[in-house]
Amino acid sequence: MAWRGWAQRSWGCGQAWALGGRSPEELTTALAPPRLLGRRFNFFIQQKSGFRKAPRKVEPRRSDTGTSGETYKRSALIPPVEETVFYPSPYPIRTLVKPLFFTVGINKWWNNLSDGQRTVTGIIAANVFVFCLWRVPSLQRTMIKYFTSNPASKVLCSPMLLSTFSHFSLFHMAANMYVLWSFSSSIVNILGQEQFMAVYLSAGVISNFVSYVCKVATGRYGPSLGASGAIMTVLAAVCTKIPDGKLAIIFLPMFTFTAGNALKAIIAMDTAGMILGWKFFDHAAHLGGALFGIWYITYGHELIWKNREPLVKIWHEMRTNGPRKGGGSK
């Protein structure tokens with residue numbers, strides 16, 4: 001206030017001008033702020049004289065209302081849609097045409113699949129799901145801990161099975177799932193759905209155990225992941241059962257060879273890779289899976305599955321036919 005009184009005495013800003021009998025034009029000129037002080041002085045005088053910046057206008061938030069104007073509570077499971085622009089069709093029935101054809105197409109595609117392809121569809125879906133989890137940065141430590149097999153890790157047992165469904169590389173997953181899809185019909189025709197699932201899961205654990213043994217024996221520790229060991233069991237079982245079948249490489253379909261020769265070449269390559277310490281693949285897991293497939297299709301089916309056949313037959317009938325009405329037996 002002392003500064004303001006000094007400004008009034010120096011430049012005549014006050015009630016004295018109103019009592020001096022001056023004209024309105026002179027009064028306006030005298031009250032005009034001096035130019036020597038510039039914009040900073042004008043801003044300061046305005047703040048001291050009580051001018052304030054206009055408050056920002058806050059628009060009220062739109063409430064969630066239905067077409068009838070009734071307010072409803074939005075579910076916590078869906079994102080907010082206040083800022084989303086929707087364009088409802090003037091013909092609501094037409095919006096159901098594409099979903100209908102998509103649903104019918106999926107159903108027709110599923111019905112055209114073989115039993116083996118239907119069985120491995122769930123396995124492929126699980127691999128795709130785990131592959132998506134690898135893309136989440138906050139889950140990297142958990143994925144390395146539980147979805148990679150390594151005898152030097154604190155968690156040893158569960159990764160032997162979980163790593164069978166784990167792929168970090170898209171090409172790695174696509175190649176493995178393509179081979180599994182290609183051999184699915186043959187292996188399910190040979191073993192059946194129940195026996196195939198049991199062999200596939202067992203093959204993942206056994207191939208990883210062979211990998212553990214090789215890493216501990218050689219001292220070459222490191223994480224491994226992928227379905228290659230279990231798929232090698234499937235491939236070896238089919239090639240052992242049908243040695244004269246014709247096979248071809250994915251990218252070179254013009255070159256064909258018998259399944260028996262392909263199996264011999266795969267075993268030779270993985271044996272060399274395990275001895276020489278090649279690190280591009282887990283050759284010990286591949287070799288363990290292949291040897292398990294050969295053993296199972298030759299001896300394991302008779303030694304293991306035949307002893308469980310009565311129990312499996314009951315389960316198969318319950319799964320296909322469902323419980324009998326009335327709960328009685330024949």
Side-chain angles (χ1 to χ4, degrees), residues 108-125 127-128 131 164-165 167 169-193 195-204 206-207 210-211 224-276 278-301:
K108 185 177 180 180
W109 170 80
W110 179 260
N111 291 333
N112 291 333
L113 296 180
S114 64
D115 291 338
Q117 292 171 338
R118 293 180 187 178
T119 303
V120 301
T121 299
I123 298 176
I124 295 174
N127 281 269
V128 172
F131 173 78
T164 307
F165 300 89
H167 297 83
S169 169
L170 178 61
F171 177 79
H172 186 199
M173 182 187 68
N176 280 343
M177 296 302 101
Y178 176 82
V179 175
L180 179 62
W181 181 268
S182 301
F183 285 86
S184 60
S185 299
S186 300
I187 190 64
V188 171
N189 289 335
I190 296 172
L191 301 178
Q193 294 181 351
Q195 189 174 188
F196 161 72
M197 288 301 302
V199 170
Y200 185 85
L201 297 177
S202 301
I206 293 173
S207 62
V210 176
S211 176
S224 300
L225 72 168
S228 303
I231 293 175
M232 286 298 299
T233 297
V234 174
L235 190 149
V238 174
C239 293
T240 303
K241 191 69 175 180
I242 315 174
D244 296 330
K246 296 294 183 179
L247 300 179
I249 303 176
I250 299 176
F251 302 106
L252 300 172
M254 68 288 299
F255 298 103
T256 60
F257 39 83
T258 63
N261 291 334
L263 181 60
K264 295 175 183 178
I266 291 173
I267 292 176
M269 183 184 67
D270 286 326
T271 302
M274 185 179 65
I275 296 174
L276 299 177
W278 296 346
K279 297 181 179 180
F280 190 73
F281 295 113
D282 190 343
H283 295 281
H286 288 191
L287 184 61
L291 295 179
F292 173 68
I294 297 173
W295 174 85
Y296 187 86
I297 207 68
T298 306
Y299 305 105
H301 174 74

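Counting heavy atoms from C-beta on, the side chains of Ile267 and Ile294 come closer than 4.5 Å. Two residues are said to be in side-chain contact when any heavy atoms from C-beta on lie closer than 4.5 Å; Ile266 and Cys239 fail this criterion. Using a 4.5 Å cut-off on side-chain heavy atoms (C-beta onward), Met232 and Leu263 make no contact. Side-chain atoms of Tyr296 and His301, non-hydrogen and from C-beta on, do get closer than 4.5 Å to each other.
Judged by distance alone, the side chain of Gln117 and the main-chain N or O of Ser114 form a donor-acceptor pair under 3.5 Å. With hydrogens and angles disregarded, no donor-acceptor distance shorter than 3.5 Å links the side chain of Ser207 to the backbone of Gly288.
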Margin query: Is there a side-chain contact (heavy atoms from CB on, under 4.5 Å) between Gln195 and Ile190? Walk through the geometry before answering.
Written below: CA-CA 9 Å; Gln195 189 174 188; Ile190 296 172; over 6 Å; no

Next item on the list: Could you walk me through whether Leu191 and Ile297 pass side-chain contact (heavy atoms from CB on, under 4.5 Å), step by step?
Entry: CA-CA 9 Å; Leu191 301 178; Ile297 207 68; 3.9 Å; yes

Checklist line | Residues Ile231, Met177; criterion side-chain contact (heavy atoms from CB on, under 4.5 Å); working and verdict | finding: CA-CA 9 Å; Ile231 293 175; Met177 296 302 101; 4.3 Å; yes

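Between the OG1 atom of Thr240 and the CG atom of Leu235 there is a distance of 9.0 Å, given to the nearest 0.5 Å. Taking CG of Asp270 as the reference point, atom CG of Asp282 lies at 9.5 Å (rounded to 0.5 Å). In this structure, OG1 in Thr271 is found 9.5 Å from CE in Met269, a value given to the nearest 0.5 Å. The OG atom of Ser184 sits 7.5 Å away from the CD1 atom of Ile124 when rounded to the nearest 0.5 Å. Atom NZ of Lys241 is separated from atom OG1 of Thr298 by 9.0 Å, given to the nearest 0.5 angstrom. Rounded to the nearest 0.5 angstrom, Phe183 CZ and Leu247 CG are separated by 4.5 Å.
Heavy-atom minimum distance, Met274 versus His283: N-CB, 3.7 Å. Residue Ser211 comes nearest to Ala284 through the heavy atom pair CA-CB, 4.0 Å, listed as atom of the first residue, atom of the second, then distance. The minimum heavy-atom distance linking Phe131 with Ser169 is given by the pair CE1-C, 3.8 Å. Across every non-hydrogen atom of Arg118 and Leu113, the tightest pair is NE-O, 3.5 Å. Minimum interatomic distance between Ala236 and Ala290 (heavy atoms only, all atoms of both residues): CB-O, 3.4 Å. Of all heavy-atom pairs between Asn127 and Thr164, the closest is OD1-O, 3.7 Å.
Exactly one residue among Val238, Val199, Ile206 makes a side chain to side chain contact (heavy atoms under 4.5 Å, CB included) with Thr233. That residue is Val199.
Partners of His172 under the side-chain hydrogen bond (donor to acceptor under 3.5 Å, both in side chains) rule, at least two apart in sequence or in another chain, are Asn176, Ser228. Residues that satisfy the ring pair (Phe, Tyr, Trp, His ring centres under 6.0 Å) test with Phe196, not counting sequence neighbours, are Tyr200.
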